[in-house]
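This report refers to the structure that appears directly beneath it.
Note that the numbering runs from 1 along the sequence shown for the chain. Given the structure is predicted, the values throughout are model-derived calculations rather than measurements. Start at 1 and go down the list; that is how both ligands and their atoms are numbered.
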Amino acid sequence: MKLYGKDKLTERLAEFAESGRFPHAILFSGDKGTGKSVMAKYTAKLFLCEKKGGIPCDMCAACHKAEKNIHPDLIDVLSEMPREKYAVTELRKLLAEGIIKPNDGDVKVYVFREAETMNDTCQNALLKFIEEPSDFNRFVFTADSVGAILPTILSRVVTIPMPPCGEKECRAALIDSGIPQSKADELVAGFGANIGKCLDAYGNETEMQVVEIVKAISQGLAEKNEFKTAAAFARLSNRDLQQKALPLLLKVFRDGMVYTAGLDSFDSPCREQAVMLARSVPLKRLDLGAREIQTFIERQSLNPNVQLACAVYASRLCELIL
Ligand SMILES: [Zn+2]
């Protein structure tokens, strides 16, 4: 099982396993796209693997079944719920089966993805289950943030924050998943070293298109080129594109202002263009531009004609910036 940028994490799990102190409940916490589900699968395999080493062998029948999500003792709880949302009645029913012995091996692994989406009633039902688990039950949780998880649950699990992934590992992961190198470079430059976010963006044509157009608008403004700016705005040919592009453009302006203030922190994927804007447009004008974009966003639903609105936006911004 190939993992990217998770060496420290797998070493820690191997130490747990080899020392015989493997916690019976582990929670992986971290942003979307940081590989929590992959780590949950890895840990489940570690529990189920017939070789019982520090890493899953990926050769035995248990590893194969876990990989294909057909292991009878690997329970992905969320996918058993109606419409993939935690519901207390179904959850109680499923947890009641926790007393039944494993089918294949010596443990049963319950995976609770997106644990932060469980309401308190569900979490309390779960609490009873993990407080007094049968000897053979193991639990793996994933959560974007632990803020919504009851302290009583947190006190019974070992929480492991997802480590940041390096750009090199992220690029390697994208290329290994079949994305051409030049596109992988573009994605990492645009969306940062977050494998999940990059893959999502690659699979989402509109999102890529919006980023490209916003980059072109920002570049046009930074180069003080009215024609280029207007031409880029004109590519926002429908309301959906426009609704996605304007907030992103606002982020680029704000990133530019933050950069001018001497900080190297970017909220938008158009880092390069934000720096260009910051270098060519005075802070006061960037601020005026940002306010104007905010007004566009607030009023965009009132515009009956998308194309006309784009022409107006382009000319208003050029007036303020150039
Ligand atoms: Zn194995």
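- Taking Glu114 as the reference, nothing meets the side chain to side chain donor-acceptor pair (under 3.5 Å) condition, with sequence neighbours excluded.
- A side-chain donor from one of Tyr259 and Arg279 sits under 3.5 Å from a side-chain acceptor of the other.
- Note on residues 162-207: no pairs pass ring pair (Phe, Tyr, Trp, His ring centres under 6.0 Å), not counting sequence neighbours.
- At most 12 non-hydrogen atoms from other residues, nucleotides or ligands lie less than 6.0 angstrom from CD1 of Ile99.
- Among residues at least two apart or in separate chains, ring pair (Phe, Tyr, Trp, His ring centres under 6.0 Å) pairs with a member in residues 26-80 are Phe22-Phe47.
- Between Asp76 and Tyr110, the side chains place no donor N or O within less than 3.5 Å of an acceptor N or O (distance only, hydrogens not considered).
- The Zn ion (ligand 1) has Cys49 SG, Cys57 SG, Cys60 SG, Cys63 SG as protein N, O or S atoms under 2.8 Å away.
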